[in-house]
Amino acid sequence: MSYINAKVVLPKELIKEIQKYVNGVDLYIPKVPKVSNDSIYKNEIYRRNKEIYELFLQGEKVSKLATKYYLSDKSIYRILGEMKKE
């Protein structure tokens, strides 16, 4: 692992602030995690499923939900079961 002197990459004010908490020790700063397309897709599916569940709770029929979201009745029932567990 290679080290970079903080004086090279950080402003003086930030170095002084960090020194208040950790002075003279090796400090690891992790990378910011990348947002993958998979997590974006999973969030979209979750939002859709939550919307389906809320509409069902408001009295919407399964067959109408299936038509609206281009899913089978079986898929809607699976989504409702998963959302009910939460």
message = Working note: Val62 + Leu80, criterion side-chain contact (heavy atoms from CB on, under 4.5 Å); need CA distance, chi angles, decisive distance, verdict.
response = CA-CA 9 Å; Val62 169; Leu80 294 175; 4.1 Å; yes
query = Step by step, would you call Glu13 with Lys16 a salt bridge (Lys or Arg N to Asp or Glu O under 4.0 Å)?
reply = CA-CA 5 Å; Glu13 300 81 25; Lys16 286 179 183 180; over 6 Å; no
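Residues Tyr3 and Leu27 fail the side-chain proximity criterion, which asks for heavy atoms closer than 4.5 Å. For the pair Leu71 and Leu65, the minimum side-chain heavy-atom distance is 4.5 Å or more. Taking the side chain as every heavy atom from C-beta outward, Asn23 and Ile18 never approach each other to under 4.5 Å. Side-chain contact between Leu55 and Lys68 is present, with at least one heavy-atom pair separated by less than 4.5 Å. Side chains of Glu44 and Arg47 form a contact here, defined as non-hydrogen atoms less than 4.5 Å apart.
The hydrophobic clustering, which links ILVMFWY residues whose side-chain heavy atoms are closer than 4.5 Å, places Tyr28 and Val9 apart. Both Val22 and Ile15 sit in one connected hydrophobic cluster of ILVMFWY residues. Membership requires side-chain heavy atoms under 4.5 Å apart, directly or through other members.
Glu86 is linked by a side chain to side chain contact (heavy atoms under 4.5 Å, CB included) to Tyr46, Met83, counting only residues two or more places apart in sequence or in another chain. With sequence neighbours left out, Ser39 forms a side-chain hydrogen bond (donor to acceptor under 3.5 Å, both in side chains) with no residue at all.
For Ile4, the CD1 atom sits in a loose shell: 12 or fewer heavy atoms of surrounding residues, nucleotides or ligands are nearer than 6.0 Å.
Listed here is the closest heavy atom pair of Asp73 and Ala66: OD1-CB, 3.3 Å.
Atoms OH and CD, from Tyr53 and Glu82 in turn, are 12.0 Å apart once rounded to the nearest 0.5 Å. The CD1 atom of Ile79 sits 9.5 Å away from atom OH of Tyr69, with the distance rounded to the nearest 0.5 Å. Here the straight-line distance linking atom CG of Leu14 with atom CD of Gln19 works out to 10.0 Å at 0.5 Å rounding.
Arg48 and Glu51 are not joined by a salt bridge, as no carboxylate oxygen comes within less than 4.0 angstrom of a charged side-chain nitrogen.
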